[in-house]
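Bear in mind that the values here come from a model prediction, so they are computed numbers and not experimental data. Only this structure's heavy atoms are used, side chains among them; waters, hydrogens and symmetry mates stay out.
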Amino acid sequence: MYQPLELIENYCRLAPGEAKLSGIRQAIQEADLAKDYKYMMYFRYAYADSCSENYLLYLYLIFPEILQLFEEYPDLEMPGWCCLDTVDAVMDIFSRVIDCADFFYQISISDMEQYLEKYKTFCLKYGYALFEYHMASARLYRATGEKTKAMQSLHDFQSLCRSTHRRNPSSIGFEGEMASWYGDLDTLLKTAKLLEKKYHDDEELIYEYGRLLYHYAVRIQDFKSAEPYYKKMEYLRRKHGLHSYYFADTMVYLTATNPNAAWSFFKKEAPYQALTYTPLDKMEFSTGAEIMMRNLLKQGKTNMRLSLPSRLPYYQENGCYHIKALAEYFGREAREIASKFDIRNGNDNSIQEYELFLAAAQNYITP
């Protein structure tokens with residue numbers, strides 16, 4: 001017998017990730033069979049909301065169902081006990097979709113533009129501000145190499161912030177993100193100081209310190225200047241028990257400054273980072289992993305022991321891995337993903353970015 005509250009209890013007991021998502025998918029199927037439209041929407045929202053960092057791909061599989069259901073039944077209400085109304089729920093997921101769309105080469109530029117236009121229409125219709133729209137537009141044009149349009153989107157974002165008196169860690173952090181893309185060190189340092197002194201937010205600071213780590217360690221290979229930002233970033237990451245947002249950048253810095261710490265970091269992070277389905281994150285991990293493997297080869301090592309999840313294609317049951325084979329695997333994977341992004345974006349920015357990381361570590365890895 002169909003019991004939606006019991007279905008919720010069942011999937012809430014499951015571990016986050018594959019297990020919980022599977023449980024919610026089962027709830028969706030049962031609500032669909034019962035034609036219970038309130039729970040058809042609620043369960044889809046719960047599924048999308050449960051798509052954590054490593055499962056963002058599933059967000060793009062469920063969102064068209066959410067949007068279609070909303071467009072067909074615009075007056076649809078959520079279950080009475082739910083504190084979120086349907087419009088806010090759709091807005092919440094829609095914002096995540098456009099925020100992360102550039103992480104997936106599978107989403108074409110034309111599809112991204114269509115999403116943005118639909119999102120803009122949705123915001124204007126229901127009275128939401130266009131902050132995320134301008135941010136996502138800037139990211140889209142940055143990916144396609146259209147700097148003038150990207151900067152115009154930034155200016156539109158800043159104008160909206162001024163007109164609505166929005167000055168907070170998120171808006172400051174986005175300005176830092178744009179500065180990082182275009183090598184604007186003065187703005188990067190300015191935003192870091194603002195986040196430290198006036199708009200303190202630990203998560204935004206982690207990102208800002210990571211951008212400064214990228215600028216100094218990867219862009220200009222100034223590891224001494226990178227050091228304080230690496231230390232601040234790692235302090236906050238560990239304080240909050242977070243996985244690294246800057247895996248490849250950290251691998252560049254540590255292989256150059258402390259190979260033992262690099263290996264320790266890799267062993268702790270790889271079992272989590274390797275599982276992501278998000279192509280941009282997969283390219284980040286593979287780039288950093290290739291650097292680590294080639295650093296081990298430079299140290300004269302040929303084999304290593306490592307605990308990795310069994311569903312990885314290169315998993316070895318005995319935990320023993322051939323370092324050269326992994327270096328080749330990760331390098332190939334990073335280049336293949338970069339190539340797919342470049343095909344989608346119509347430029348060679350992604351493969352250049354991959355090569356930039358390898359160049360930054362060139363003195364500390366095998367050729």
Side-chain angles (χ1 to χ4, degrees), residues 48-49 51 53 56 59-60 63 67 88-105 107-184 187-188 190-192 194-195 199 201-212 214-215 245-246 278-281 284 341 344-345 349-350 353:
D49 192 49
C51 293
E53 290 178 357
L56 282 176
L59 178 65
Y60 293 88
F63 180 69
L67 196 57
D88 285 342
V90 175
M91 177 62 180
D92 180 35
I93 302 306
F94 211 158
S95 296
R96 286 187 67 198
V97 164
I98 68 159
D99 183 55
C100 303
D102 61 323
F103 295 177
F104 296 87
Y105 58 75
I107 303 175
S108 69
I109 297 299
S110 61
D111 284 347
M112 290 169 68
E113 290 174 331
Q114 288 176 24
Y115 269 134
L116 280 170
E117 286 309 304
K118 279 191 173 184
Y119 180 77
K120 183 178 181 180
T121 300
F122 184 94
C123 289
L124 294 174
K125 181 176 181 179
Y126 293 103
Y128 296 101
L130 295 176
F131 295 112
E132 284 78 10
Y133 170 77
H134 294 310
M135 293 164 72
S137 296
R139 291 177 178 128
L140 168 64
Y141 294 129
R142 180 263 172 179
T144 58
E146 298 174 87
K147 183 177 180 180
T148 300
K149 289 184 177 181
M151 296 306 293
Q152 182 60 55
S153 294
L154 171 63
H155 295 323
D156 291 342
F157 172 80
Q158 292 170 323
S159 296
L160 182 58
C161 288
R162 285 192 294 271
S163 67
T164 57
H165 305 289
R166 173 175 171 172
R167 190 66 167 163
N168 59 21
S170 177
S171 63
I172 303 264
F174 181 62
E175 292 175 9
E177 179 184 341
M178 290 290 288
S180 178
W181 287 343
Y182 295 114
D184 181 357
T187 299
L188 265 177
K190 179 182 176 182
T191 54
L194 281 170
L195 287 169
Y199 301 93
D201 179 277
D202 281 357
E203 186 168 22
E204 286 295 341
L205 277 169
I206 290 173
Y207 283 113
E208 194 64 18
Y209 294 146
R211 293 174 191 127
L212 284 159
Y214 166 76
H215 181 88
Y245 300 153
Y246 290 87
T278 305
L280 194 64
D281 292 339
E284 165 100 1
F341 272 112
R344 187 202 65 176
N345 295 334
N349 289 348
S350 294
E353 188 73 1

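- For the residue pair Asn349/Glu353, the side-chain donor-acceptor check at 3.5 Å is not satisfied.
- A salt bridge does not link Lys120 with Glu117: none of the charged nitrogens is closer than 4.0 Å to a carboxylate oxygen.
- Of all heavy-atom pairs spanning Ile93 and Ala48, the tightest one is CD1-CB, 3.6 Å.
- Contact annotation: the side chain of Phe131 approaches that of Thr164 to within less than 4.5 Å [non-hydrogen atoms, C-beta and beyond].
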Exercise for the section: Would you sort out whether Tyr182 and Thr187 count as a side-chain contact (heavy atoms from CB on, under 4.5 Å), showing the intermediate values? Expected result: CA-CA 10 Å; Tyr182 295 114; Thr187 299; over 6 Å; no

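- Contact record, Leu56 with Arg96: CD2-NH2, 3.4 Å, taken as the closest heavy-atom pair.
- With rounding to the nearest 0.5 angstrom, the CD1 atom of Ile98 is 7.0 Å from the SG atom of Cys123.
- Taken from CG in Leu188 to CH2 in Trp181, the straight-line distance is 12.0 Å, to the nearest 0.5 Å.
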Exercise for the section: Determine, step by step, whether Arg167 and Leu194 satisfy the side-chain contact (heavy atoms from CB on, under 4.5 Å) criterion, reporting the C-alpha distance in whole Å, the side-chain angles of both residues, the deciding distance to 0.1 Å, and the verdict. Expected result: CA-CA 11 Å; Arg167 190 66 167 163; Leu194 281 170; 3.7 Å; yes

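- Taking the six-membered ring where the residue is Trp, the centroids of Tyr115 and Tyr119 are separated by 6.0 Å or more.
- Once rounded to the nearest 0.5 Å, the distance linking CZ of Phe103 with CG of Leu59 reads 11.5 Å.
- Each of Met178, Met135, Glu132 was compared with Phe157 under the side chain to side chain contact (heavy atoms under 4.5 Å, CB included) criterion, and only Met135 meets it.
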Handout entry: Full working for side-chain contact (heavy atoms from CB on, under 4.5 Å) between Arg166 and Leu160
Key = CA-CA 8 Å; Arg166 173 175 171 172; Leu160 182 58; over 6 Å; no

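- Nearest approach of Pro169 to Tyr199, heavy atoms of both residues: CG-O, 3.4 Å.
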Exercise for the section: Could you walk me through whether Leu154 and Phe174 pass side-chain contact (heavy atoms from CB on, under 4.5 Å), step by step? Expected result: CA-CA 9 Å; Leu154 171 63; Phe174 181 62; 3.9 Å; yes

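- Within the 4.5 Å cutoff, the side chain of Lys118 has heavy atoms near those of the Leu67 side chain.
- Taking both residues in full, the closest heavy atoms of Phe122 and Met91 are given as CE2-CB, 3.8 Å, listed atom of the first, atom of the second, then distance.
- Using a 4.5 Å heavy-atom cutoff, the side chains of Ser159 and Arg162 are in contact.
- Distance alone, capped at 3.5 Å, is enough to place a donor-acceptor pair between the Tyr60 side chain and the Ala101 backbone.
- Listed for the Asp99 side chain is no donor-acceptor partner under 3.5 Å among the backbone atoms of Ser95.
- His134 NE2 to Ser137 OG: the interatomic distance, rounded to the nearest 0.5 Å, is 7.5 Å.
- Remark: Glu175 does not engage Lys190 in a salt bridge, criterion side-chain N to carboxylate O under 4.0 Å.
- Judged by distance alone, the side chain of Arg344 and the main-chain N or O of Ile107 form a donor-acceptor pair under 3.5 Å.
- The structure places CD1 of Ile109 at 9.0 Å from CG of Asp102, a figure rounded to the nearest 0.5 Å.
- In this structure, Tyr246 has its ring center no closer than 6.0 Å to that of Tyr214.
- The OG1 atom of Thr191 sits 6.0 Å away from atom CG of Leu195, with the distance rounded to the nearest 0.5 Å.
- Ala143 approaches Asn345 most closely through the heavy-atom pair O-CB, 3.3 Å.
- Two residues are said to be in side-chain contact when any heavy atoms from C-beta on lie closer than 4.5 Å; Leu280 and Phe341 meet this criterion.
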Exercise for the section: Given side chain to side chain donor-acceptor pair (under 3.5 Å), test Asn168 with Ser171 step by step and report yes or no. Expected result: CA-CA 6 Å; Asn168 59 21; Ser171 63; 3.2 Å; yes

